[in-house]
K.L.:
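Take a look at this one; I'll ask things after.
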2 protein chains.
Amino acid sequence: MSLRFALLGLLNERPASGYDLTRRFAQGIGSYAWDAKHSQIYPELKKLTEAGLIEIAEEGARGRKTYAITADGRAQLRQWLLTPAGNAGVRNEYVLRLFLLSALRRDEARTILEHTIEYSTEQLQAITQDFQDSVADGGPTRGHGALAAQYGIRVFQATIDWAHWAIEQIDADPGFGHGADGCATAPTR
Amino acid sequence: MSLRFALLGLLNERPASGYDLTRRFAQGIGSYAWDAKHSQIYPELKKLTEAGLIEIAEEGARGRKTYAITADGRAQLRQWLLTPAGNAGVRNEYVLRLFLLSALRRDEARTILEHTIEYSTEQLQAITQDFQDSVADGGPTRGHGALAAQYGIRVFQATIDWAHWAIEQIDADPGFGHGADGCATAPTR
DNA sequence: CAGAACATGTAAACGGTTACATGATTCC
DNA sequence: GGAATCATGTAACCGTTTACATGTTCTG
């Protein structure tokens, strides 16, 4: 059900085609909120159109269809947002990997954490850059743009800080890596 | 594929039954890394056993089966962790909702952000409490326990800080809520 | 004119959720 | 003895991914 509202939310900001929406999922929103592929987006846009929540605002070159949210769609989006939702099914493979670090040897875990710092730093810079580009283009400095960008910045910064701290921890911990292959402290059974 | 490694990872820490694993998903790990229900966990444990990656270490009362990871399973887990993974399909409905706040009126968005602060504060306290309980019980203060708990603490704290900042932003922004129902700045077409 | 990017769609296979279903043990 | 908790499983449905499939427009 969330995909439907993710699409309504993006279309509420401004009209877009399936192609546009696919790229937006592949970029920012897909990295920390919700991901979707074009093969899921196109059929969903069709359903939303049939339900009257969005409409084709314009048909352009190459079969391009620009969709816009309708009053009905906006009402449903608002209703969904105003309905409280307990923390539903989170899925983040990257974070899962961070959780399982104790299965690695100290040096391996350190390498992964260093990659995490590198990766998160890149993401941080990408968000900052995107945001500044959007400001320069006269794009939305308010609403979605600024709030979401700032959220991403803070979460990635927290991840970087955590990874630095985690490296210190594993370096200081003599028992780290007990679950690693071929280590004497890990009996097979 | 990730569920498989999530299970191997948890079993690498210590042997557990399907029931134990279900509870651990419902608690910490399910809130910020990976979620799964018992109906998915039990069949997966069966498959992992058939593949020789885990084994039944003990059969107890009420049909309880305690599974333990095998050397093979540990090797596969380690291999997976050491294989770099670009940020794969993230899904977090709670964060998605935060992204779409600009569809609401200022006062509504503020309410949601206040709920976010409240909720994240509770989560923060729950993690801190769980972690302290686990230390008091002589549980693992190393590996998974400490690193994961600290990660959760930092991410929830970042969310709280962001929400405070976001409330200030929307209060200061005269254009906020342009996408809300019945607002003059949002023409239907 | 070739290759990249734009643009949309479908189908099979897989993963995940909800609901159904059952029974044992413990606690009060 | 009844309720809560422990404990495991299956099936139908729905959401998601991967792979297949096609054609257009722009850029160099």
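Quick note: numbers below take in every heavy atom, side chains included, and nothing from hydrogens, waters or symmetry partners. Below, chains carry the letters A, B, ... as their sequence lines are ordered, and counting in each starts from 1.
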K.L.:
What is the distance, to the nearest angstrom, from the NZ atom on K37(A) to the P atom on dC14(C)?
P.N.:
17 Å
K.L.:
Can you give one letter per nucleotide of nucleotides 19-28 of chain C, 5' to 3': B if a protein heavy atom sits under 4.0 Å from the base, S if only from the sugar-phosphate, - if neither?
P.N.:
B----BB---
K.L.:
So, is Y42(A) close to the dG9(C) phosphate, meaning a side-chain N or O under 4.0 Å from OP1 or OP2?
P.N.:
no
K.L.:
Would you kindly give the CH2-to-P distance between W34(B) and dG15(C), to the nearest whole Å?
P.N.:
11 Å
K.L.:
Toward the 5' end of DNA chain D, which comes first, G18(B) or A36(A), by nearest nucleotide?
P.N.:
G18(B)
K.L.:
Please tabulate, for side-chain N and O atoms in residues 32-47 of chain B, each donor-acceptor pair with protein atoms closer than 3.5 Å (sequence neighbours left out).
P.N.:
| unit_1 | atom_1 | unit_2 | atom_2 | d |
| --- | --- | --- | --- | --- |
| Y42(B) | OH | Y19(B) | N | 3.3 |
| E44(B) | OE2 | R4(B) | NE | 3.3 |

K.L.:
In whole Å, what is the span from the CD1 atom of I41(A) to the C1' atom of dA7(C)?
P.N.:
13 Å
K.L.:
Taking salt bridge (charged side-chain N to carboxylate O under 4.0 Å, His left out) as the definition, give me every residue that meets it alongside E108(A), ordered by chain and number, with sequence neighbours left out.
P.N.:
R105(A), R78(B)
K.L.:
In whole angstroms, how far is the P atom of dG15(D) from the CD atom of E93(B)?
P.N.:
13 Å
K.L.:
Under 4.0 Å from OP1 or OP2 of dT10(D): is there any side-chain N or O of K46(B) that close?
P.N.:
yes
K.L.:
Mind checking salt bridge (charged side-chain N to carboxylate O under 4.0 Å, His left out) for R23(A) and listing every partner two or more places apart, or none if nothing turns up?
P.N.:
D20(A)
K.L.:
Over the length of the helix from dC1(C)-dG28(D) to dC28(C)-dG1(D), how much do the five-pair end axes diverge, rounded to 10 degrees?
P.N.:
40°
K.L.:
Would you mind reading off the distance between R64(A) atom CZ and dT24(D) atom C1', rounded to a whole angstrom?
P.N.:
13 Å
K.L.:
So, does Y19(A) get its side chain near the phosphate of dT8(C), meaning an N or O under 4.0 Å from OP1 or OP2?
P.N.:
no
K.L.:
Would you call R110(B)-E114(B) a salt bridge at under 4.0 Å N-O?
P.N.:
no
K.L.:
Can you sort out the partners of D161(B) under side chain to side chain donor-acceptor pair (under 3.5 Å), two or more places apart, ordered by chain and number?
P.N.:
Q157(B)
K.L.:
What residues, two or more places apart in sequence or in another chain, satisfy side chain to side chain donor-acceptor pair (under 3.5 Å) together with R106(A)?
P.N.:
none
K.L.:
Starting at atom CG of D20(A), determine the distance to atom C1' of dA5(C), rounded to an integer number of angstrom.
P.N.:
13 Å
K.L.:
Is K65(A) near enough to dG9(C) that one of its side-chain N or O atoms lies under 4.0 angstrom from OP1 or OP2?
P.N.:
yes
K.L.:
Heavy atoms only, 4.0 Å cut-off, all strands: where does R4(A) land among base, sugar-phosphate and nothing?
P.N.:
nothing
K.L.:
Is there a side-chain contact between W80(B) and L100(A) (heavy atoms, below 4.5 Å)?
P.N.:
yes
K.L.:
Check side-chain contact (heavy atoms from CB on, under 4.5 Å) between S120(B) and all other residues, then give those that pass, not counting sequence neighbours.
P.N.:
T116(B), F156(B), T159(B), I160(B)
K.L.:
What residues form a side-chain contact (heavy atoms from CB on, under 4.5 Å) with Q125(B), not counting sequence neighbours?
P.N.:
T121(B)
K.L.:
So, is Q40(B) close to the dT17(C) phosphate, meaning a side-chain N or O under 4.0 Å from OP1 or OP2?
P.N.:
yes
K.L.:
Do V95(A) and V155(B) share a hydrophobic cluster (ILVMFWY, side-chain heavy atoms under 4.5 Å, transitive)?
P.N.:
yes
K.L.:
Roughly, in whole Å, what's the span from CD in E44(B) to C1' in dG15(C)?
P.N.:
10 Å
K.L.:
Could you give the CE-to-P distance, from M1(A) to dG16(C), as a whole number of Å?
P.N.:
19 Å
K.L.:
Under 4.0 Å: is that the gap between some side-chain N or O of R91(B) and OP1 or OP2 of dT17(D)?
P.N.:
yes
K.L.:
Just compare dT8(C), dT17(D), dG9(D) and give me whichever is closest to any side-chain atom of Y67(B).
P.N.:
dG9(D)
